[in-house]
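As structure tokens, the structure follows; a few thoughts come after it.
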There are 2 protein chains.
Amino acid sequence: MQSKNVNAHLTEIRDYFKMAVSVDCVIFGFDNDELKVLLIKSDLKEYKDMWSLLGDIVRPGEELDAAADRVLKSRTGLDQVFMEQVQTFGGVHRHPAGRVITVAYYSLVNIQHAALKKHGNELHWHPVKAVHEMAFDHKEILDCCYERLKHKVIEQPVGFNLLPRKFSLRELQNLYEAILDVKLDRRNFRKKFLSMDLLVDLNEEEDDVPHRPARLYKFNFEKYDQRKKRYLGIGF
Amino acid sequence: MQSKNVNAHLTEIRDYFKMAVSVDCVIFGFDNDELKVLLIKSDLKEYKDMWSLLGDIVRPGEELDAAADRVLKSRTGLDQVFMEQVQTFGGVHRHPAGRVITVAYYSLVNIQHAALKKHGNELHWHPVKAVHEMAFDHKEILDCCYERLKHKVIEQPVGFNLLPRKFSLRELQNLYEAILDVKLDRRNFRKKFLSMDLLVDLNEEEDDVPHRPARLYKFNFEKYDQRKKRYLGIGF
DNA sequence: ACAAAAGTGTTTGTCGTACACCCATGC
DNA sequence: GCATGGGTGTACGACAAACACTTTTGT
């Protein structure tokens with residue numbers, strides 16, 4: 001559906017101003033200790049069987065952010081997730097059907113909550129590290145958004161958006177290690193996050209693990225939002 | 001000229017797809033110990049006598065970066081300056097003549113080298129702190145780019161692009177103080193920059209100052225570019 | 001009892017910050 | 001000789017990094 005829409009629109013546009021604006025969403029998830037990205041199989045003949053980002057033409061009268069929200073929701077059913085505009089790609093020949101300038105967004109979703117809506121196309125979560133070739137310039141867009149995410153995650157505690165509401169410190173550490181592609185010291189990591197005083201100890205434990213169960217926490221989004229307004233400092 | 005172009009294009013566009021793409025450039029300079037931005041007086045009747053950023057419609061077949069370069073060059077005569085894409089503003093009603101989605105850039109120029117080309121409109125350097133109301137959503141765009149600059153300047157030594165080739169440490173400090181709007185300790189500032197080992201002591205001194213003249217330095221861009229590729233660390 | 005991961009403190013080094021005095025020049 | 005800004009070093013505190021053992025649970 002995505003690609004057909006694009007094509008249908010493009011045929012109209014090409015005869016007029018020869019320019020269209022789209023949004024592309026890099027939808028990140030976290031599962032099995034890996035950072036994943038949601039991709040769809042392109043049905044453009046030029047990119048047969050290649051994977052591409054989720055995107056669509058921006059409609060007349062539609063805000064850019066709204067278009068990105070719409071794409072996200074139409075594919076995952078998710079709403080009100082963390083999303084950030086990253087960069088706009090305007091290469092003259094980036095789309096075979098004509099000039100399409102695309103505004104790239106990334107979003108962070110709880111992969112368990114996503115109810116994928118295929119609309120016919122194949123739609124899968126791919127480990128970010130394993131994605132190599134993509135349709136259009138989408139690999140470049142993915143790389144750009146991934147770099148932005150790495151940067152963001154060391155400045156602000158946004159990683160929680162990728163986790164279930166209840167999580168252990170080990171899961172949180174695995175998330176950071178996966179995103180940043182580094183190994184971190186467990187004690188220092190715990191110390192740092194606990195001293196932020198933004199984790200709420202739920203007095204619950206993991207279940208069904210073949211070893212000592214970990215305590216579960218939730219992130220105090222409200223407290224962070226309030227604090228953010230006051231501090232505005234560097235780092236969390 | 002800017003606005004007339006926009007209007008001429010828009011009249012055409014409006015009858016068709018009702019969407020155009022433009023670039024807007026936030027051109028920063030540094031003079032008289034103040035951060036300045038180059039603005040032009042709008043000649044749109046809706047924004048009579050208000051100041052606006054320098055921008056233009058992206059031409060068919062023109063890359064976005066190329067459009068931004070073109071705008072910069074046509075107004076300042078400058079080429080190959082530091083420039084970075086920041087964000088795209090797509091508010092449906094941001095332009096009174098129709099839908100114009102604009103990609104915002106900021107650039108850092110040596111204000112002494114800029115040879116302003118007015119093309120009829122008033123064109124002036126304004127202290128960033130003194131800019132309040134602007135045409136369109138340009139104040140929002142300016143604020144956004146300024147925030148990005150603040151962020152950038154504490155991560156990478158890009159400020160040199162705003163200075164003459166030869167500068168004193170005092171000038172450099174004034175630049176940082178102006179951009180970040182803070183007071184810095186002179187000794188710590190000198191220590192930090194000298195320890196980066198990217199300043200070349202020119203063995204020259206200021207002239208015509210009514211006090212002890214300061215040593216002059218230049219920034220070693222080549223060394224920084226090489227080092228950047230190896231380190232990729234945080235901070236300079 | 002064994003395996004597997006959870007949980008916990010201390011030490012060390014680095015870096016940022018605060019701070020005051022002498023120096024060189026023009027007038 | 002005085003006013004103005006240039007140039008310099010040290011001490012302290014905070015935070016990041018390195019590092020090993022005990023505890024809890026399931027099998």
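Within every chain, numbering begins at 1; the chains are lettered A, B, ... in the order of the sequence lines, protein sequences first and strands thereafter.
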Base C/dA20 paired with B/R187 side chain (donor-acceptor, <3.5 Å) | yes
Pairing of A/D201 and A/K218 as salt bridge, 4.0 angstrom limit = no
So does B/R170 reach the base of D/dG5 with its side chain, donor to acceptor, closer than 3.5 Å?
-> no
Looking only at side-chain atoms of A/R215, point me to the closest of C/dG7, C/dC19, D/dT10.
-> C/dG7
CZ of B/R190 versus P of D/dG9: gap in Å, rounded?
-> 11 Å
Look at A/K152 together with A/E84 and state whether they make a salt bridge at an N to O cut-off of under 4.0 Å.
-> yes
Side-chain ion pair, A/K166 and A/E204, N-O less than 4.0 Å = yes
What is the distance from NZ of A/K192 to C1' of D/dA18, rounded to the nearest Å?
-> 16 Å
The answer to which of B/P210 and B/L194 contacts DNA chain D further toward the 5' end, by nearest nucleotide, is B/P210
Is it true that A/K150 and A/D181 have a side-chain N and a carboxylate O under 4.0 angstrom from each other?
-> no
Respond yes when some side-chain nitrogen or oxygen of A/R186 is under 4.0 Å from OP1 or OP2 of C/dG7, and no when none is.
-> no
Ignoring hydrogens and angles, answer whether the base of D/dT4 and the side-chain atoms of B/R212 contain a donor-acceptor pair closer than 3.5 Å.
-> no
